[in-house]
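A short write-up of the structure that comes next.
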There are 2 protein chains.
Amino acid sequence: MARSGPKLTRIARTLGVSAATVSNALSGKGRVSAEMVEKIRATAAELGYVPSQAGRALRTGRTGVLGLVLPDIANPLFPQIAQAIELAASSSGYGVLIADSRGDVSTQTKAIERLIDRDVDGLVIVPRRGTRIADVGCPVAVIDTPSTPGNTVAADHWGGGRQIGEHLKALGHRRVMIIGNNPASNVQNDRAGGIRSVFGEGTHTDTLWIEPLEKAAGKGCPLGLADKVAEGYTAFACISDLHALRALTELQRAGINVPEKASVTGFDDLIWSPVITPALTTARMDMTKIAAIAVAALVKAISERDPSDPAIGAPVTAATCKVPMHLVVRQSAAAPPASQPILTTATAATSVTEGGHQP
Amino acid sequence: MARSGPKLTRIARTLGVSAATVSNALSGKGRVSAEMVEKIRATAAELGYVPSQAGRALRTGRTGVLGLVLPDIANPLFPQIAQAIELAASSSGYGVLIADSRGDVSTQTKAIERLIDRDVDGLVIVPRRGTRIADVGCPVAVIDTPSTPGNTVAADHWGGGRQIGEHLKALGHRRVMIIGNNPASNVQNDRAGGIRSVFGEGTHTDTLWIEPLEKAAGKGCPLGLADKVAEGYTAFACISDLHALRALTELQRAGINVPEKASVTGFDDLIWSPVITPALTTARMDMTKIAAIAVAALVKAISERDPSDPAIGAPVTAATCKVPMHLVVRQSAAAPPASQPILTTATAATSVTEGGHQP
DNA sequence: CTGAAAGCGCTTACAG
DNA sequence: CTGAAAGCGCTTACAG
């Protein structure tokens, strides 16, 4: 509020009509003659009329605001998500209120409550891993991964993994180390599963779960990748560009040239991925599309909802769908070195196929 | 809205008092007896009463929402900023509405308008470079750099630069290349100026303005740092961790060990900076403090403002202040190699001191 | 096709 | 210390 704009009644007075007519004309409900609508529109525009959200909200029970809940705003993926959601929301006339659920699940619950208390019309939630979003009394769209039970819109992480895997396989890699940091994450498991799924007979994959960022920070915490190279791994398929960056710099630092001596791939195409040397081969989500679907589902659920109903027990709603990921081929992955070390490990040449087919 | 919570009158009825008394009790204006206040508080808590923002906003002319306008949400610094602002705002009982002004200045103006139209009580703006924020009719806090004219709260970028410069100088570096991407940015110039200011007699600094990310992406766009090392530069002081990352990987890729053969420093302590190899020495802003100051200034301006005044021409308000930066010493900067190449350039040993002292 | 009336939930003077 | 009344700006049945 505290805004200078004219109010609805001002337009009504100016034109000598009723407030109701102005309201109807502006909202295009069609109960007003064409000429009248035209005149009202013109005057409103001329006067710079912008409806008061507070007045409207009080009357309609809708605020025109969506809440965005993120597990950790500090996450490097957040910019992509927030930007996409903000764009989709504002295109549909909605504002976006943010809430950080940094910390544990209880913080997430509080963040959601804060948003609900501000009367958001719907919620986009990127849940902390393992969180089941309870019924919050307003439409919710969850962005996670297709393997998460419940209604979610998500990138096809498994498919993205497969693309990375196929790329690596086509380049000639037969011994691939997958690097992630969270075996409990559905997203990470899907990506890893997708990668594994393309490596069959005569190949070998293994998975290295490294320490998360918070713990690794400061300690330098080497991944021990030089050893892995010595063991014959020629490619490091990281579950995130963040891990890929750690892998890449560690390899470089150890004097192992990327991609000549070892290939590195990531996921997400974070902002710096294209500009490092070598530029990172990665798989990116189509955030624009994911956001568009999530917001569209929310907008639909909001408009279908009867504002006069008790609201409690409103359905958790979202489109369940899977958006393809896109492989971005750059320089960090290439053919493996010509002379590969002979594999000596017992587990060599074992094909890993857990998960069978994509969920 | 569309929330299930009880309304104020429900509490009033339950207790057999008037709505006015409930309102007064809950807002602690002190016109209600202590016992009554206690009873009302208890009942409200028990019933889970949360005031309707819409009702309150309509009456008071305040929405309890702050707008956050960013030049580009995709910026890797955005998470830090958004997180800090969200924390500060929610601690003061405010919500945060985001708007992305990606693109040019006109997009920024539109983003601000969208927020104003949603009746935000105040605005935190991280302006696009060179932007003068016009009077928008509500309190504004600008986060930029102390050299920007007008009311701003900002990190002491110049001081941060000086810390980086002193660290490098103490390590023994005498020939330092500063790397930035935008000579028109006040922030970048302050940081660069701070670095330069510590290098006097018998030292040399130069500045390399590289292509911005968008242009560099895809083209691989090498910075030509190996040549600089050959010219005798022993340290690359980058104006952002993003540039430092480009520099670091390019040097590593060229077989130039960091920090043994060349030191690299950055700014901002982005999320991956501590976990790459070698970990990045950098200078970070105290975002928590900056956000706290910005939000506090806004909250103060909002409460001092008379809701009944015409609102147009409301003062652009913020604390003008400068928050110290913190040097984070990690492994990417160390003493220069023992045998430095002889300087042959004509400009060698020139001290650069433009700016004289900190603005 | 247009208008008068009611009311969304709150807070703020103003009486008592 | 407490209450009755008015009103913030809008939209939605309902009459005409």
Side-chain angles (χ1 to χ4, degrees), chain A residues 1-40 44 47-64 117-119 121 303 306-311, chain B residues 1-40 44 47-64 117-119 121 303 306-311:
Chain A
M1 305 290 307
R3 198 184 7 127
S4 51
K7 40 192 88 163
L8 206 164
T9 50
R10 165 89 185 287
I11 297 176
R13 272 206 324 269
T14 305
L15 258 41
V17 297
S18 76
T21 299
V22 174
S23 176
N24 282 322
L26 258 23
S27 61
K29 292 253 169 42
R31 318 178 219 208
V32 187
S33 67
E35 311 110 276
M36 191 78 260
V37 168
E38 196 40 56
K39 266 206 318 220
I40 290 174
L47 263 40
Y49 170 70
V50 177
S52 152
Q53 295 291 331
R56 174 176 290 177
L58 187 54
R59 177 63 228 231
T60 63
R62 305 232 171 95
T63 54
D117 288 351
R118 287 205 174 272
D119 303 334
D121 290 338
S303 67
D306 178 357
S308 67
D309 80 7
Chain B
M1 305 290 305
R3 196 181 11 122
S4 52
K7 39 193 89 161
L8 208 165
T9 49
R10 164 90 185 286
I11 297 176
R13 270 206 326 269
T14 304
L15 258 42
V17 298
S18 76
T21 299
V22 174
S23 176
N24 281 324
L26 259 22
S27 63
K29 290 253 169 44
R31 316 179 218 204
V32 187
S33 67
E35 311 109 276
M36 191 79 259
V37 167
E38 195 41 55
K39 264 202 326 216
I40 290 174
L47 265 39
Y49 170 70
V50 177
S52 151
Q53 296 291 332
R56 175 177 287 175
L58 186 55
R59 176 66 228 230
T60 64
R62 305 230 171 96
T63 53
D117 287 351
R118 286 203 176 275
D119 303 334
D121 290 338
S303 67
D306 179 357
S308 67
D309 81 6

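All heavy atoms count here, side chains included; hydrogens, waters and symmetry mates do not. Here the structure is a predicted model, which is why all the values come from computation and not from measurement. To find a chain, count down the sequence lines: A is the first, B the second, and so on, and within it residues start at 1.
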For [X] and [N], give me the distance from atom [atom1] to atom [atom2], rounded to whole Å.
{"X": "Leu8(B)", "N": "dT12(C)", "atom1": "CG", "atom2": "P", "result": "12 Å"}
{"X": "Gln53(A)", "N": "dC10(D)", "atom1": "CD", "atom2": "C1'", "result": "11 Å"}
{"X": "Asn24(A)", "N": "dT12(D)", "atom1": "CG", "atom2": "P", "result": "8 Å"}
{"X": "Arg62(B)", "N": "dG9(D)", "atom1": "CZ", "atom2": "C1'", "result": "18 Å"}
{"X": "Ile40(A)", "N": "dC1(C)", "atom1": "CD1", "atom2": "P", "result": "13 Å"}
{"X": "Lys39(B)", "N": "dC1(D)", "atom1": "NZ", "atom2": "P", "result": "15 Å"}
{"X": "Leu15(B)", "N": "dT2(D)", "atom1": "CG", "atom2": "P", "result": "11 Å"}
{"X": "Lys7(A)", "N": "dT11(D)", "atom1": "NZ", "atom2": "C1'", "result": "17 Å"}

Which residues satisfy the side chain to side chain contact (heavy atoms under 4.5 Å, CB included) test with [X], sequence neighbours excluded?
{"X": "Arg56(B)", "value": "Pro51(B), Thr60(B)"}
{"X": "Ala19(B)", "value": "Leu8(B), Thr9(B)"}
{"X": "Arg13(A)", "value": "Arg10(A)"}
{"X": "Ala44(B)", "value": "Ile11(B), Leu26(B), Tyr49(B)"}

Would one find a side-chain N or O of [X] under 4.0 angstrom from OP1 or OP2 of [N]?
{"X": "Ser52(A)", "N": "dG9(D)", "answer": "no"}
{"X": "Tyr49(A)", "N": "dC10(D)", "answer": "yes"}
{"X": "Ser33(A)", "N": "dT2(C)", "answer": "yes"}
{"X": "Arg56(A)", "N": "dT11(D)", "answer": "yes"}
{"X": "Thr9(A)", "N": "dG9(D)", "answer": "no"}

Taking every heavy atom of Gly55(A) against every heavy atom of Ser52(A), the minimum-distance pair comes out as N-OG, 2.9 Å

Nucleotide N/O of nucleotides 4-6 of chain C paired with protein N/O under 3.5 Å:
none

Against the side chain of Met36(A), the closest entry in dC10(C), dT12(D), dT2(C) is dT2(C)

Contacts of Thr21(A) meeting side chain to side chain donor-acceptor pair (under 3.5 Å) (sequence neighbours excluded), chain-then-number -> Ser18(A)

Value for OG (Ser23(A)) from CD1 (Ile40(A)), rounded to nearest 0.5 Å, stands at 9.5 Å

CG (Leu15(B)) and CE (Met36(B)) are apart, to the nearest 0.5 Å, by 4.5 Å

A correct dot-bracket answer for DNA chain C, with pairs being Watson-Crick or G-U at under 3.5 Å, [ ] for crossing pairs and | for inter-strand pairs, is |||.||||||||.|||

